[in-house]
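Predicted model only: the values in this text are computed from it and were never measured.
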Amino acid sequence: MRRSTALLLLCGCRLNFDLVPGDDVPGDGSGGAACSRTVQVVPPSGAADGVLATGGTDTAGSCGGEGIGDLLFGIDVPSGAQLMAATDGPDSAPNTVLYVRTDCDDPATEIVCNRDSGIAGFSAARIEGLSAGRYYVFFDGDAGETGTVDGTIQLLLPDGAACTGDATRDRCGSESHCDAVTKRCVPSACTVAEMFTTAGTYNRTVTTMPGLPSLHGATRSDCTSGGDNGVRAPEAVYRVQLAATATLRVSTASTQTDFDTLVYVRDGCTGAEMGCDDDSGSSVEALTSDLTLVNLPAGDYYIFVDGFSTNTGSADLTITF
């Protein structure tokens, strides 16, 4: 791990106004609460930037943030969507704390607080199972640190929801993408780079780049901290057909791997996830992945080589079965 993340209603409506002190701001769709300060609306790009400084309005989350004026954003979450927020953009400077509330003035309504689940120990969180309503995302300084925050806040929309693209505030969730014709979220197929049917050891160089689509993500909650699970990074997919019960090993543990990888294996493209690994590579190959599945039944398995958070680069991949 490393020192480690909008506004759409399913009807397609958007709220693009600035909330000001005293506005009626529903926390969970069932009533209102008066927010005592200005709330920034997340722009369509999903960028949530600003500068943390001493002074100003100082609140804190359950995991930190005391003594520093924070950045506050409001976002409406539609039914079935997830909320993903992060402060691990390349221009972030201070150690950060990220926390989310349903009432911007009430610490008791906090639903998550994170300090280090993104890249380089910046904060990140993906929140599932939310009720429809408005949520308040705070970016704060950890241990009194100040400076520029390069953050993002996004909605991960369910299949069938209206969407604007796959790299915006209102994006489709894991395993789906925004259809260019219908502008709706639809399930994503697996684009297989190569298929292996004969037992042996295979070495391949996997290259991912910023801007490529991220269509898949791990489903196991124990795979990465913060619940990101590769949702923000592009991935490469390989297919292995086992004729009989076998041991399958997938590894990026090599000094030639130059980014923080994440690997997971599924029974079929969208089937059960058989295993997932983030950082089991040796200390020499820090942040690489090494996954071994023993006595895997005969079948058709898909191997995903993904990146932690938004990581991309070149990986030295070894597949053995």
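Using a 3.5 Å distance cut-off with no hydrogens or angles, the side chains of T312 and T208 do not pair a donor with an acceptor. Between the side chains of Y264 and D306, at least one donor N or O lies within less than 3.5 Å of an accepting N or O. Using modelled atom types, one finds no donor on one side chain facing an acceptor on the other under 3.5 Å when comparing T288 with T261. A donor-acceptor pair shorter than 3.5 Å cannot be found between the side chains of D316 and T257. Of the N and O atoms on the side chains of T96 and S123, at least one donor lies less than 3.5 Å from an acceptor on the other residue. Using a 3.5 Å distance cut-off with no hydrogens or angles, the side chains of Q241 and T197 do not pair a donor with an acceptor. A donor and an acceptor atom, one from each side chain of D258 and S314, are nowhere located under 3.5 Å apart. With 3.5 Å as the limit, one finds no donor-acceptor pair spanning the side chains of H216 and E235. Inspection of the D91 and T148 side chains reveals no N or O donor paired with an N or O acceptor under 3.5 Å. No hydrogens or angles considered: nothing links the side chains of D106 and T109 as a donor-acceptor pair under 3.5 Å.
Within the 3.5 Å criterion, the main-chain N or O of D105 finds a donor-acceptor partner in the side chain of D103. Proximity of a side-chain donor or acceptor of H177 to a complementary backbone N or O of P213 within less than 3.5 Å is not detected. In this structure, the side chain of S214 engages the main chain of V231 through a donor-acceptor pair within 3.5 Å. Counting only distance, with no hydrogens or angles, the side chain of Q154 and the backbone of T168 share a donor-acceptor pair below 3.5 Å. Of the possible donor and acceptor atoms, none in the side chain of S309 sits under 3.5 Å from a partner among the backbone N and O of N311. A donor-acceptor contact shorter than 3.5 Å links the side chain of S174 to the backbone of G217. No donor-acceptor pair under 3.5 Å is formed between the side chain of S289 and the backbone N or O of T252. Without hydrogens or angle criteria, Q82 side chain to L156 main chain gives no donor-acceptor distance under 3.5 Å. Using a distance-only test at 3.5 Å, with no hydrogens or angles considered, no donor-acceptor pair links the side chain of R239 to the main chain of Y301.
Distance check, rounded to the nearest 0.5 Å: OG1 of T310 to CG of D88 gives 5.5 Å. The line from CG of L215 to SG of C190 is 9.0 Å long, rounded to the nearest 0.5 Å. Atom OG1 of residue T54 and atom CD1 of residue I68 lie 6.0 Å apart, to the nearest 0.5 angstrom. Here the CG-OG distance, from N114 to S62, works out to 10.0 Å after rounding to the nearest 0.5 Å. The distance from atom CZ of R115 to atom OH of Y99, rounded to the nearest 0.5 Å, is 13.0 Å. The CG atom of L130 sits 5.0 Å away from the CD1 atom of I111 when rounded to the nearest 0.5 Å.
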Worked check of side chain to side chain donor-acceptor pair (under 3.5 Å) between E273 and T219: CA-CA 7 Å; E273 200 158 283; T219 59; 3.2 Å; yes
- request: Please step through side chain to side chain contact (heavy atoms under 4.5 Å, CB included) for the pair N203 and L317, ending with a clear verdict.
  value: CA-CA 6 Å; N203 282 99; L317 173 67; over 6 Å; no
task: Start with the C-alpha gap between R37 and D70, add the side-chain angles, then the distance that decides, and say whether side chain to side chain contact (heavy atoms under 4.5 Å, CB included) holds.
output: CA-CA 11 Å; R37 54 186 294 197; D70 48 74; 2.7 Å; yes
field: F139 and F73: CA distance, side-chain angles, deciding distance, ring-ring contact (aromatic ring centres under 6.0 Å, His included) verdict
entry: CA-CA 8 Å; F139 292 162; F73 300 88; 5.5 Å; yes
message: L71 vs V149, test: side chain to side chain contact (heavy atoms under 4.5 Å, CB included). Steps then yes/no.
response: CA-CA 9 Å; L71 304 172; V149 174; 4.1 Å; yes
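Closest of all the heavy-atom pairs between S176 and G173 is OG-O, 2.9 Å. The two residues G307 and A233 make their nearest non-hydrogen contact at O-CB, 3.4 Å. Nearest approach of S251 to A253, heavy atoms of both residues: OG-N, 3.0 Å. For T87 against S92, the heavy-atom pair with the smallest separation is O-OG, 2.6 Å. Of all non-hydrogen atoms in G230 and L262, the two that sit nearest each other are N-CD2, 3.5 Å. A pairwise comparison of heavy atoms in A132 and S79 identifies CB-N, 3.7 Å as the closest pair.
Under the 2.5 Å cut-off for SG-SG separation, C178 and C163 qualify: their sulfur atoms lie closer than that.
The shortest side-chain heavy-atom distance between R232 and M84 falls under the 4.5 Å cut-off. Between V42 and L155 there is no side-chain heavy-atom pair separated by less than 4.5 Å. Side-chain atoms of I75 and L83, non-hydrogen and from C-beta on, do get closer than 4.5 Å to each other. When side chains are defined from C-beta on, T247 does not count as touching L296, because their heavy atoms never get closer than 4.5 Å. The closest side-chain heavy-atom distance from V240 to I303 is below 4.5 Å. Contact check for V206 versus Y238: side-chain heavy atoms found under the 4.5 Å cut-off. The shortest distance between side-chain heavy atoms of T201 and I319 does not fall below 4.5 Å. F321 places a side-chain heavy atom less than 4.5 Å from the side chain of Y202.
Clustering ILVMFWY residues whenever any of their side-chain heavy atoms sit less than 4.5 angstrom apart, transitively, puts I127 in the very cluster that holds I153. Taken together through direct or relayed side-chain contacts under 4.5 Å among Ile, Leu, Val, Met, Phe, Trp and Tyr, V77 and V112 form part of one hydrophobic cluster. No single ILVMFWY cluster, assembled from side-chain heavy atoms under 4.5 Å apart, contains both I119 and V263. Linking Ile, Leu, Val, Met, Phe, Trp and Tyr residues whenever their side-chain heavy atoms come within less than 4.5 Å places V100 and L157 in a single cluster. Following chains of ILVMFWY side-chain contacts shorter than 4.5 Å, one cannot reach F259 starting from V250, and the two form parts of different hydrophobic clusters.
Applying the side-chain contact (heavy atoms from CB on, under 4.5 Å) test between R249 and each of T292, L291, L293 identifies T292 as the sole match.
Judged by the 6.0 Å and 45° rule, R101 forms a cation-pi pair with F138. A cation-pi arrangement is present between R266 and F304 under the rule of less than 6.0 angstrom and at most 45 degrees off the ring axis.
Scored by the salt bridge (Lys or Arg N to Asp or Glu O under 4.0 Å) test, E110 finds no partners at all (sequence neighbours excluded).
Electrostatic pairing of R184 and D159 does not count as a salt bridge here, judged by no charged N lying under 4.0 Å from a carboxylate O.
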